[in-house]
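Okay, structure first, notes after.
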Amino acid sequence: MSHREQDRVRIFDTTLRDGEQSPGASMTLEEKLRIAEQLEAMGVDVIEAGFAIASNGDFECVRQIAERIRNSTVCSLARAALGDIDRAAEAIKPARSGRIHTFIATSPLHMKVKLQMEPDAVLDAIHQSVSHARRFTDDVEWSAEDATRTETDFLYRAVDTAIRAGATTINLPDTVGYATPDEYGQMYRDVIKNVSNADKAVFSTHCHNDLGLAVANSLAGVMGGARQIECTINGIGERAGNAAMEEVVMALKTRADAMPFHTNIVSTEISKASKLVSLVTGFSVQNNKAIVGANAFAHESGIHQDGVLKAAETYEIMTPESVGVTKTTLVLGKLSGRAAFADKLKELGYELGDNAFQDCFRRFKELADRKKTIYDEDIVALVDDEVATSENRLQVVALNTHSSSSGTAVADLTMKIDDEEKKTVVYGSGPVDAVFNAIKELVEFDPHLVLFQVHAVTHGTDAQAECTVRLEENGRTVNGQGAHEDTVTAAARAYVAAANKLLVKREKTMPDPIVAAG
């Protein structure tokens, strides 16, 4: 291995597996495929596509990602059970490069309370599961769940057992976000020093953010000898989330003087990935979020503004362009033609089929007629909304609303349901309530509205609104997004997008999901 290769940190993205375990963050197959393709475009080394044994849906997701992805390794999680491993192996079979990631808890608390297994039995399970996984692929990762609360000597024995059985990557997760950076980095130094065959495996970090230390711990693990970081876009994940990929990548890139390591991530794709995951999950990125927040490169203080105008590096330690953020610019209008629109889509990183392009161009023209100023963000919202709502069973055809200061509102709604147009007029306590009631009447269902949020895509009173709706029905939770310069119309589109997903989930019979720890 070259010196440069020794300094390379592999990026293992688990947005589609651990990230999806965030309450309310379930994704459809098509959404997962879009994210997987974006991760591949970013140069992610390993995409953990799901937990194949958890459900038929998860299995199909891993399998289809394995078929489509060519440059990244596609991975499936599996417990230390032969059935889990067989299912994972079948799911990753089409992949050019496939990995099985198997795990078992090693802390005294987990072994006693959760597994109800003696330490020697856990070691036997490690050997059996890793050996079985090696029958299907040479790329096997083993994780010691709750490694940071595992007794030191037993951790050494467990790691040694896994490597002897054929594990090529060893993950020592801070499953409950308990460790401090000093402790976490030292754990890697100790394991690498005291396990005789440690040189035969790549060590990996997997940190949760319960104390807000996931990124710091991940970097400390790298300083301690780890050469893979497991992370998610926007830091989504169980409880307080996982280490944020954009933060660990840009920390390594920006502070190479202090941490002489590098990744193969194309950092200019970070902003696009962040927006895609936010759109799909309905989890908005907080304004002051590092790297990808709306205020990450914003300066309001007069002193800061003066410094940035004189030299950006006075207050910016990286450029907006380095993470794919471009300044908002007016580039298109109602007189722009198809060629200019196609060129702009290419510049923004979109490739659409002919039908989708024609639909988007038509909607762009309609927007340009109504909205004075068209920004890049408007086009992004328009295209994302088109992709999210195309080829759905339910579509909004026409909507008129009327409201008054008395609080009473009426919605006159026409929808296309399975190619049949239906119309209704419904009252509500406000225009959004009236519209949602109208949709429920036409679709003939009444899910629980878990979340409704709105934010402006750009500035000004004519800015497009981007709405997110989260619906729950019989334990199934889905998100829908919609964009329009009229907030009520955007809300209707978001609700219908979520309703379409609920219909899909109704039609699929899947066993109860299995929740994995990591």
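Numbers here simply count residues along the sequence, with the first being 1. Heavy atoms only: backbone and side chains are in, while hydrogens, waters and symmetry mates are out.
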side-chain contact (heavy atoms from CB on, under 4.5 Å) assessment of H132 paired with D86: CA-CA 9 Å; H132 189 64; D86 290 342; 2.7 Å; yes

Intermediate values then yes/no, side-chain hydrogen bond (donor to acceptor under 3.5 Å, both in side chains), D146 and T175: CA-CA 5 Å; D146 206 21; T175 303; 4.9 Å; no

Test item: Q464 side-chain N/O and D378 main-chain N/O as donor-acceptor pair under 3.5 Å: yes

Distance-only donor-acceptor check, side chains Q38 and E269, under 3.5 Å: yes

Side chain to side chain, D45 and Q228, heavy atoms closer than 4.5 Å: no

S267 side chain vs S322 backbone, donor-acceptor pair below 3.5 Å: yes

For E246, the option from V215, I291, V285 that meets side chain to side chain contact (heavy atoms under 4.5 Å, CB included): I291

Audit row: R470, Q453, side-chain hydrogen bond (donor to acceptor under 3.5 Å, both in side chains) steps and yes/no: CA-CA 9 Å; R470 185 173 301 149; Q453 62 184 22; over 6 Å; no

V46 and R10, any side-chain heavy atoms less than 4.5 Å apart: no

Any H206 side-chain heavy atom under 4.5 Å of N242 side chain: yes

R79/F51 under side-chain contact (heavy atoms from CB on, under 4.5 Å): CA gap, chis, key distance, verdict: CA-CA 9 Å; R79 293 167 301 185; F51 191 7; 3.9 Å; yes

D13 side chain vs I47 backbone, donor-acceptor pair below 3.5 Å: no

4.5 Å side-chain heavy-atom contact, T169 and R227: no

Trace of the salt bridge (charged side-chain N to carboxylate O under 4.0 Å, His left out) decision for E90 with R63: CA-CA 8 Å; E90 184 65 24; R63 189 184 67 80; over 6 Å; no

Atom pair CD1/OG of I69 and S97 - distance to nearest 0.5 Å: 11.5 Å

Pair V249-M42, side-chain contact (heavy atoms from CB on, under 4.5 Å): steps then yes or no: CA-CA 11 Å; V249 166; M42 293 178 71; over 6 Å; no

Considering all heavy atoms, the nearest A36-L16 contact: CB-CD1, 4.1 Å

T263 side-chain N/O to V9 backbone N/O, donor-acceptor pair under 3.5 Å: no

Interatomic distance, L33 atom CG to I65 atom CD1 [nearest 0.5 angstrom]: 5.5 Å

Test item: E20 side-chain N/O and M27 main-chain N/O as donor-acceptor pair under 3.5 Å: yes

Exercise: identify the closest heavy-atom pair between E321 and T268: O-CG2, 3.4 Å

Reported CD-to-SG distance for the pair E230 and C75, which is rounded to 0.5 angstrom: 8.0 Å

Geometric class of the F436/F452 ring pair [parallel <30°, tilted 30-60°, perpendicular >60°]: perpendicular

Throw together a table of side-chain donor-acceptor distances under 3.5 angstrom for residues 439-451, partners on residues two or more places apart or in other chains.
residue, atom, partner, partner atom, Å
K440, NZ, D446, OD1, 3.2
E441, OE2, T424, OG1, 2.4

Q395/V496 under side-chain contact (heavy atoms from CB on, under 4.5 Å): CA gap, chis, key distance, verdict: CA-CA 7 Å; Q395 292 184 0; V496 167; 5.7 Å; no

Atom pair CD1 (I92) and CG (D139), whose distance is rounded to the nearest 0.5 Å: 8.0 Å

Minimum heavy-atom distance between L399 and V396, given as atom pair plus value: CB-CG1, 4.4 Å

Nearest heavy atoms of A463 and A456, plus distance in Å: CB-CB, 4.2 Å

Heavy-atom side-chain contact between L345 and F357 under 4.5 Å: yes

Under 3.5 Å donor-acceptor, K501 side chain and N479 backbone: yes

Spatial distance of atom CG (L279) from atom CD (E31) [nearest 0.5 Å]: 7.5 Å

Main-chain N/O of N71 paired with E40 side-chain donor or acceptor, under 3.5 Å: yes

Check: D18 and E238 side chains under 4.5 Å, non-hydrogen atoms: yes

Validation row: K422, M415 side chains within 4.5 angstrom (heavy atoms): no

Flag, side chain of K365 to backbone of G337, donor-acceptor distance under 3.5 Å: no

Member of T15, T232, T73, T14 meeting the side chain to side chain donor-acceptor pair (under 3.5 Å) criterion with E48: T14

Criterion salt bridge (charged side-chain N to carboxylate O under 4.0 Å, His left out) on D486 and R493, from CA distance to verdict: CA-CA 11 Å; D486 176 69; R493 288 184 172 179; over 6 Å; no

Nearest-0.5 Å distance, CD of residue Q481 to OG1 of residue T468: 4.5 Å

S274 side-chain N/O to I270 backbone N/O, donor-acceptor pair under 3.5 Å: no

Residue from D84, V140, I100, I85 passing side chain to side chain contact (heavy atoms under 4.5 Å, CB included) with S129: I85

Note, L213 side chain near C207 side chain (heavy atom, < 4.5 Å): no

D343 side chain to A339 backbone, donor-acceptor under 3.5 Å: no

Test log, rule salt bridge (charged side-chain N to carboxylate O under 4.0 Å, His left out), inputs E366 and R363: CA-CA 5 Å; E366 291 172 354; R363 291 180 60 187; 5.8 Å; no

Which atom of G480 lies closest to which atom of A497, heavy atoms considered: CA-CB, 3.9 Å

Distance-minimising heavy-atom pair for G98 and T137: O-OG1, 3.0 Å

